[in-house]
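These notes are about the structure you will find just below.
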Amino acid sequence: MFDNLKKAFSNVSTGFSEKDLNEKDIEDVLFELEINLLESDVATEVIDSIKDSLKEKIIGSRVEKKNIQNFVKQSLIEYISETFDNAGHVDLIDRINQKKDSNEPFIVVFVGINGTGKTTSLAKVANLLKNEKFSLAIAAADTYRAGAIEQLREHTNRLNLKIIAQNYGSDPAAVAKDAVLYAKSHKVDCVLVDTAGRMQTSSNLMEQIEKITKVVKPDMKIFVGDSLAGNDTVNQAREFHNHVKFDCSILTKSDADARGGAALSIVKVTSSPIIYVGVGQEYDDIVKFDKPEPESEPEPQQPEPEPEPEPEPQQPQQPEPESGDSDDPFDGIETDDINDYADMYDVPPPETDDEAKKLATKIKKWIQDGRPKP
Ligand code: GDP
């Protein structure tokens with residue numbers, strides 16, 4: 001009969017139990033997480049997204065205080081894993097192989113801001129593809145930055161690769177187109193296009209790269225981001241992604257950065273995968289990107305179900321001899337008892353409130369003791 005009522009009670013009582021988290025606990029644990037993520041160089045907007053998602057999960061799961069650290073850790077692992085999984089997978093070598101039968105070159109355009117390691121990464125990828133026995137042509141389509149063409153030529157000389165270049169100031173889309181025509185006529189498997197990493201304005205740069213991609217219709221666009229540049233890298237990734245919709249990224253200088261926040265941030269912001277990671281300045285210093293795996297088996301994530309608490313045993317109520325609300329100290333005492341006591345002990349009627357209270361207390365004690373005769 002009282003089952004529902006009992007349940008309602010037990011729900012309420014566990015809902016407000018000391019063991020459960022309150023808003024402040026959640027804020028505290030999220031603050032701690034935020035500091036850890038900032039220290040890992042995760043971009044602020046990604047941290048906000050992580051915090052929002054965790055807060056929702058914590059509130060939805062009624063986590064106990066003692067489980068919160070584990071819950072947050074586990075949720076974070078899931079968040080990171082899902083972020084990388086949702087970004088998908090791109091395999092450059094597979095893709096080039098797939099296109100090989102068509103007798104058309106596979107065209108890759110590299111984009112990114114100056115100094116991030118774009119040219120070096122292009123050379124590393126060229127070396128990697130050369131080792132896979134693909135034939136290559138390199139397009140020097142950064143015709144803006146002084147020294148860019150020479151820098152690329154130095155790499156192609158060292159790697160013994162064909163470079164297609166024009167003068168500084170020439171149309172980079174035309175350079176890229178030349179390289180594609182060369183590749184078609186020479187049955188080259190793959191064209192790698194270097195692009196400018198800075199121009200007078202960012203919109204000039206984006207327009208130029210958009211023009212190149214319109215003209216050569218690349219099979220893949222790769223963003224090169226510097227893992228040391230933190231929020232800047234994420235902002236660059238977003239801007240390039242908005243304009244150029246790149247397919248994947250290469251994250252450079254990971255040898256100097258053990259924090260890993262940039263990888264998570266870029267993937268989250270662009271929903272596209274990282275394919276390679278630069279780990280040094282030599283041509284071989286490039287490795288396939290693997291999503292981070294948790295170090296040990298995760299603890300069970302969901303908190304143990306709480307056993308329904310036993311209802312508190314009800315204390316039998318002692319009849320209150322005196323009503324707290326009443327002004328009359330003799331309230332609750334039979335008139336006969338008052339008269340008997342007064343006769344027996346020859347007590348005169350009290351003249352003050354204080355005397356009345358003292359007398360009432362004595363009579364109550366006398367009643368409690370069983371009305372003993374003097
Ligand atoms: P770009 O202006 O983007 O073309 O950048 P560069 O390719 O010229 O590279 C800028 C600097 O970063 C050079 O000194 C490179 O040697 C260095 N660099 C590029 N990739 C890496 C990397 O993965 N690790 C390290 N430690 N340095 C790198």
Side-chain angles (χ1 to χ4, degrees), residues 41 92 108-131 136 138-159 161 163-165 168 172 175-176 179 191-202 204-206 208-209 212 218 220-230 232-241 243-244 246 248-267 273-290 292:
D41 209 24
L92 176 62
V108 187
V109 170
F110 287 74
V111 301
I113 297 294
N114 280 348
T116 55
K118 179 164 44 68
T119 313
T120 309
S121 298
L122 185 150
K124 287 176 179 177
V125 169
N127 180 52
L128 193 144
L129 296 179
K130 190 181 160 211
N131 291 342
L136 297 166
I138 312 295
D142 178 359
T143 59
Y144 183 80
R145 177 170 70 93
I149 299 172
E150 288 76 12
Q151 188 188 346
L152 196 60
R153 195 183 296 280
E154 210 177 303
H155 287 303
T156 54
N157 284 346
R158 275 200 233 150
L159 293 168
L161 294 171
I163 183 168
I164 285 90
Y168 286 104
V175 178
V191 178
L192 305 183
V193 182
D194 190 21
T195 60
R198 183 175 57 81
M199 293 202 62
Q200 300 89 341
T201 67
S202 163
N204 280 355
L205 177 64
M206 296 304 155
Q208 184 177 92
I209 294 170
I212 295 172
M220 189 180 287
K221 287 161 272 179
I222 300 179
F223 168 76
V224 179
D226 180 339
S227 59
L228 300 176
D232 270 357
T233 304
V234 176
N235 292 334
Q236 292 160 15
R238 189 191 305 96
E239 190 171 6
F240 274 104
H241 201 255
H243 288 88
V244 196
F246 55 78
C248 51
S249 304
I250 293 176
L251 197 55
T252 62
K253 308 179 193 177
S254 301
D255 47 312
D257 174 72
R259 295 167 298 174
L264 175 66
S265 305
I266 290 178
V267 169
I274 291 173
I275 53 168
Y276 291 111
V277 175
V279 291
Q281 299 190 320
E282 304 300 321
Y283 292 131
D284 285 334
D285 291 334
I286 185 166
V287 293
K288 266 194 165 180
F289 175 80
D290 280 323

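Numbering of ligands and ligand atoms starts at 1, following listing order. All values below come from the heavy atoms of this structure, side chains included, with hydrogens, waters and symmetry mates left out.
- Summarising the geometry, atom CD1 belonging to I209 is positioned 4.5 Å from atom CZ belonging to F240; distances are rounded to the nearest 0.5 Å.
- At least one donor-acceptor pair closer than 3.5 Å links the side chain of T195 to the backbone N or O of F110.
- A donor-acceptor distance shorter than 3.5 angstrom exists from the side chain of K124 to the backbone of D285, with no hydrogens or angles considered.
- The residue R198 has no part lying near ligand 1, judged by heavy-atom distances below 4.0 Å.
- At the shortest separation from atom 2 (O) of ligand 1 among protein heavy atoms lies G115 N, 2.6 Å.
- For the pair K253 (side chain) and A229 (backbone), a donor-acceptor distance under 3.5 Å is absent.
- Under 4.0 Å from ligand 1, not a single heavy atom of D285 appears.
- What sits closest to atom 8 (O) of ligand 1 on the protein, heavy atoms only, is Q151 NE2, 2.8 Å.
- Residues T120 and T252 have side chains not in contact (no heavy-atom distance under 4.5 Å, counting atoms from C-beta outward).
- Looking at K253 next to ligand 1, an N or O pair under 3.5 Å apart turns up.
- The protein atom (non-hydrogen) at minimum distance from atom 21 (C) of ligand 1 is G280 O, 3.5 Å.
- For atom 3 (O) of ligand 1, the nearest protein heavy atom (residue, atom name, distance) is K118 N, 2.8 Å.
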Where do Q151 and D142 land on the side chain to side chain contact (heavy atoms under 4.5 Å, CB included) test, with the steps shown first? CA-CA 11 Å; Q151 188 188 346; D142 178 359; over 6 Å; no

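- Residue R153 places its CZ atom among 12 or fewer non-hydrogen atoms of other residues, nucleotides or ligands, all under 6.0 Å distant.
- When non-hydrogen atoms are compared, ligand 1 lies under 4.0 Å from the backbone of I113 (N, CA, C, O) but not from its side chain.
- Nearest protein heavy-atom contact of atom 15 (C) of ligand 1 is T120 OG1, 3.7 Å.
- Within the structure, the closest approach of G112 to ligand 1 does not fall below 4.0 Å when heavy atoms are considered.
- The shortest N or O to N or O distance between T119 and ligand 1 is below 3.5 Å.
- At least one side-chain heavy atom of N127 sits less than 4.5 Å from a side-chain heavy atom of D284.
- For ligand 1, the polar-atom distance check against T252 finds no nitrogen or oxygen pair separated by under 3.5 Å.
- Of all atoms in ligand 1, listed by their number and element, those nearer than 4.0 Å to a heavy atom of V279 are 23 (O).
- Other residues, nucleotides and ligands contribute over 12 non-hydrogen atoms within 6.0 Å of the CD atom of E150.
- Evaluated by nearest non-hydrogen atom to atom 9 (O) of ligand 1, the leading choice among G117, A123, G278 is G117.
- With hydrogens and angles ignored, the 3.5 Å screen pairs a side-chain donor or acceptor of Y168 with a backbone N or O of I149.
- In terms of protein heavy-atom proximity, atom 14 (O) of ligand 1 is nearest to Q281 NE2, 3.6 Å.
- The part of D255 lying near ligand 1 is the side chain, judged by heavy-atom distances below 4.0 Å.
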